[in-house]
**Student:** 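Starting off with a structure, shown below.
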Amino acid sequence: MRWSQYFIPTLREDPADAEVVSHKLLLRAGLIRQLGSGIYSYMPMAQRIALRIMQILREEMNRIGGQEFYLPALHPAEVWKESGRWEAIGAEMFRLKDRKDADMCLGMTHEEIFTTIARNELRSYKQLPQVWYQIQVKFRDELRPKSGFMRLRTFIMKDAYTFDVDKAGLDKSFADQREAYKRIFSRCGIEYSIVEASSGSMGGSESNEFVAKTDAGEDLIASCANCDYAANLEKATSRLAPVKDLVGPEAPEEFPTPGVRTIEDLTTFPGGAKERDQIKTLAYVVDGQPALILLRGDHQLQEIKLLDASGATKSRPAYRAEIQQWLGASPGSLGAVGANDRQHPDGFLIAAADFAPNQVQLFLSGGAKRLRIIADDALKGRQNMTTGANKDDHHLRGVNIARDIEVNQWADLRGVDSGDSCPRCDEGTLEIFKAMEIGHIFKLGTKYSESMGATVLTVDGKPVPIVMGSYGIGVERIITAAIEQNHDADGIIWPKTIAPFDVVVTVTNMKDEKLRETGEKLYKDLMRAGLDALLDDRNERAGVKFKDADLIGIPYRVTIGKKVADGLVELFTRATKTSEDVKLTEIVSQVQKLALAGL
RNA sequence: CGGGGCGUGGCUCAGCCUGGUAGAGCGCUCGGUUCGGGACCGAGAGGUCGGAGGUUCGAAUCCUCUCGCCCCGACCA
């Protein structure tokens, strides 16, 4: 392309709306323009980048036997009602009605549609496995779109789905996808980690999240410096040093603790206890039901883990007034000993959804007759501990969990801290970093095939639900991560595998006929050699051209300047900002060698 | 949805508090001088001040409503 005719609307200044680096650079480099919140138009150069990424996606999907489909983005509500997600998913789904007033939606993912095809067409185990994918637009009405390409309301996704006859087949399909994903992100020049993550509302037994390390990311990842353990903080755990408790008294002993409100207060209170010898009691409303969450005094609750463990979709700390009614005490004196004996003839009070903390009259009576007690695994087997007595300004000591507390469920609920011991290896400690999700692979199992009736006959002639997996990569996320990880003060430094052009030929002075002709010829020679070249033939001063070339981040720049008289041009490498003189006769093969190396 | 901020030429912003002929820099057009890291001089084009209503002799400025965008939180396959 000739820059003079190609549409690259670069900006000299940072756009006012952009905060994160990738967003600023996407706008400044003339790659995208905003249409609305979370909605962006691709300019021609961005489209070239996206096409190169999609090509990599296709190659790697095809390599593992993937077959490319193209499914509709507009869906009738029926299929979503069958899977149950028409109701389960809230406002995040764009919904609309057709002229006959029938419910429709814009596709936010395609499990339902692919499963529809599978159940109509797949009959026998002999047809399996199938690996199906597409590259297509998705719509999600995010509550808060943000940071340019980081969280969009309409974006391109490569989504793949696998169909197997059994669990072992799924394991193989999942492993294939995992390998393909590793190749994809490596080829795109992205530094990534594979982490354990919560599956959320996708359902399924196991998922791996692919994340790119960047401070602009929204996720926190704990990873071991010594081994390959890495997990999203909502799932991460760590190894605890075992605690040896002294044998306590026959029964808990109540003692007065005037003024003690916090775990910390109790550590300094005469006759108190160390943090790790206390039981932290949190009152929560979990899916509208009262619950007590027990943790070791020095541990913090990781709320996503609470949701995963309880199977709930929503939780919140209980309000003061709720707690007072449940336990007859204030926060700071709460405990689980005897809590399950508490009776409320009209049930426990649960605030209405629109409850405001200062409006006690909005309280409604909940149906629950008992408190659910969920305890963190770190409390297992502990004894001689201290906790609140459910009586203001009093605590209990000598609490033996197994003997004194009726725990309904044990679970890993505790969040990890940087410096904690790795749960997988012996020596490592965990460090926590920010990252953005760029891909996610799920073992779905039979969630969709069962709800939607997709079965095949086994070798025994028995119908079994197809075992599915689902795998997604966001194209814009790859673009964003690539920029976040590869830029400097002057602009983007594209990994050469996804750069919009391999090389830019910069003619320093278009009014100099010799330079102009040399540039024109070199441009054609590069194209003939199979390289994507951009010829900067604008009537601009050299400085402007250099700044723009740096900004848009083409990996190599050939500068045509005065040294042409000696048969020399300059080869500039964007990533290192170094340049060397190269003979005009050798420049094409030189660039070719560099641009194609390692591809 | 809660909190905060912002809508003025293509871009970045000033003007608003204290109402009185709409400004600057960059970009754009034309002429000239320049020509290897965002040149300089001169002359121009370009704005319903997000929208609607109100107050006023007079509104970018004050008031009300409304639309949109950004950030934090909540939320999120």
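So you know, we letter chains A, B, ... as the sequences are listed, proteins then strands, and number each from 1.
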**Student:** Can you name the ring pair (Phe, Tyr, Trp, His ring centres under 6.0 Å) partners of A:Phe501, sequence neighbours left out?
**Tutor:** A:Tyr6
**Student:** Name the nucleic acid region contacted by A:Ser147, choosing base, sugar-phosphate or nothing; use a 4.0 angstrom heavy-atom cut-off, strictly under.
**Tutor:**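 Since only primed, P, OP1 and OP2 atoms lie under 4.0 Å of A:Ser147, the category is sugar-phosphate.
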**Student:** Please check the phosphate of B:rG37 (OP1 and OP2 only) for any side-chain N or O of A:Arg541 closer than 4.0 Å.
**Tutor:**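 So the side-chain polar atoms of A:Arg541 never come under 4.0 Å of the phosphate oxygens OP1 or OP2 of B:rG37.
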**Student:** Taking atom P in both B:rC63 and B:rC16, compute the distance separating them and give it to the nearest angstrom.
**Tutor:**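 So the two P atoms sit 14 Å from each other.
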**Student:** Quantified in whole Å, what is the C1' atom distance between nucleotide B:rA60 and nucleotide B:rG20?
**Tutor:**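 Nearest-Å result for B:rA60 against B:rG20 at atom C1': 13 Å.
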**Student:** Show every side-chain hydrogen bond (donor to acceptor under 3.5 Å, both in side chains) that has at least one partner inside residues 71-80 of chain A, sequence neighbours left out.
**Tutor:** A:His75-A:Trp80, A:His75-A:His110
**Student:** Could you list all the salt bridge (charged side-chain N to carboxylate O under 4.0 Å, His left out) pairs where at least one residue sits in residues 154-163 of chain A, not counting sequence neighbours?
**Tutor:** A:Lys138-A:Asp159
**Student:** Work out how far the C1' atom of B:rA24 is from that of B:rC57, and round it to whole angstrom.
**Tutor:** 31 Å
**Student:** What residue pairs, at least two apart or across chains, pass salt bridge (charged side-chain N to carboxylate O under 4.0 Å, His left out) with a residue in residues 502-516 of chain A?
**Tutor:**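 Residue pairs passing salt bridge (charged side-chain N to carboxylate O under 4.0 Å, His left out), neighbours aside: A:Arg52-A:Asp502.
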**Student:** Expressed as a whole number of Å, how far does the C1' atom of B:rC69 sit from that of B:rG50?
**Tutor:**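 B:rC69 and B:rG50 have their C1' atoms separated by 10 Å.
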**Student:** Taking the P atom in each of B:rC71 and B:rU12, what is the distance between them to the nearest angstrom?
**Tutor:** 15 Å
**Student:** By ring pair (Phe, Tyr, Trp, His ring centres under 6.0 Å), which residues pair with A:Tyr161, not counting sequence neighbours?
**Tutor:**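 Applying ring pair (Phe, Tyr, Trp, His ring centres under 6.0 Å) to A:Tyr161 gives A:Phe114.
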**Student:** Find the distance A:His23:NE2 to B:rC71:C1' and express it as a whole number of Å.
**Tutor:** 12 Å
**Student:** Would you mind pulling out the nucleotide paired to B:rG42, Watson-Crick or G-U wobble, both distances under 3.5 Å?
**Tutor:** B:rC30
**Student:** Output one letter per nucleotide in nucleotides 23-33 of chain B: B when a protein non-hydrogen atom lies under 4.0 Å from the base, S when only the sugar-phosphate is that close, - when neither is.
**Tutor:** --BSS------
**Student:** On a whole-Å scale, what distance lies between the C1' atoms belonging to B:rA43 and B:rG7?
**Tutor:** 33 Å
**Student:** The criterion is side-chain hydrogen bond (donor to acceptor under 3.5 Å, both in side chains); which residues satisfy it with A:Ser310, sequence neighbours excluded?
**Tutor:**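 Counting only residues at least two positions away or on another chain, A:Ser310 forms no side-chain hydrogen bond (donor to acceptor under 3.5 Å, both in side chains).
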**Student:** Identify, with sequence neighbours excluded, every residue that meets side-chain contact (heavy atoms from CB on, under 4.5 Å) alongside A:Ala118.
**Tutor:** A:Leu122, A:Trp132, A:Phe163, A:Ile466
**Student:** For A:Arg12, what residues pass the salt bridge (charged side-chain N to carboxylate O under 4.0 Å, His left out) criterion, not counting sequence neighbours?
**Tutor:**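 Salt bridge (charged side-chain N to carboxylate O under 4.0 Å, His left out) list for A:Arg12, sorted by chain: empty.
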**Student:** What class does the angle between the rings of A:Tyr192 and A:Phe210 fall in, given that below 30° is parallel, 30 to 60° is tilted and above 60° is perpendicular?
**Tutor:**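 Judged by the thresholds at 30° and 60°, the geometry between A:Tyr192 and A:Phe210 is tilted.
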**Student:** Taking only heavy atoms on the protein side, list every residue of residues 548-567 of chain A lying under 4.0 Å from any atom of RNA chain B, sorted numerically.
**Tutor:**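 Under 4.0 Å from RNA chain B: A:Asp548, A:Asp550, A:Arg557, A:Thr559, A:Gly561, A:Lys562.
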**Student:** Enumerate the protein-to-nucleotides 66-69 of chain B contacts in which both atoms are nitrogen or oxygen and the separation is below 3.5 Å.
**Tutor:**
unit_1	atom_1	unit_2	atom_2	d
B:rC69	OP1	A:Ser37	N	2.7
B:rC69	O3'	A:Gln34	NE2	3.2
B:rC69	O2'	A:Asp17	OD2	3.0

**Student:** Using the salt bridge (charged side-chain N to carboxylate O under 4.0 Å, His left out) criterion, which residues pair with A:Lys562? Sequence neighbours excluded.
**Tutor:** none
**Student:** Would you mind telling me which residue lines up with the more 5' stretch of RNA chain B, A:Met108 or A:Asp490, judged by nearest nucleotide?
**Tutor:**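 The residue closer to the strand's 5' end, by nearest nucleotide, is A:Asp490.
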**Student:** Evaluate side-chain contact (heavy atoms from CB on, under 4.5 Å) for A:Lys24 paired with A:His487, printing each intermediate quantity in order.
**Tutor:** CA-CA 11 Å; A:Lys24 285 180 186 172; A:His487 69 269; over 6 Å; no
**Student:** Roughly how many Å apart are B:rU18 and B:rG4, using the C1' atom of each and rounding to a whole number?
**Tutor:** 26 Å
**Student:** How would you label the contact of A:Tyr471 with the nucleic acid (heavy atoms, under 4.0 Å): base, sugar-phosphate, or nothing?
**Tutor:**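 Here A:Tyr471 touches no strand at all.
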**Student:** Quick one: label A:Lys511 by what it contacts on the DNA or RNA (base, sugar-phosphate, nothing), any heavy atom closer than 4.0 Å.
**Tutor:**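 It contacts base atoms.
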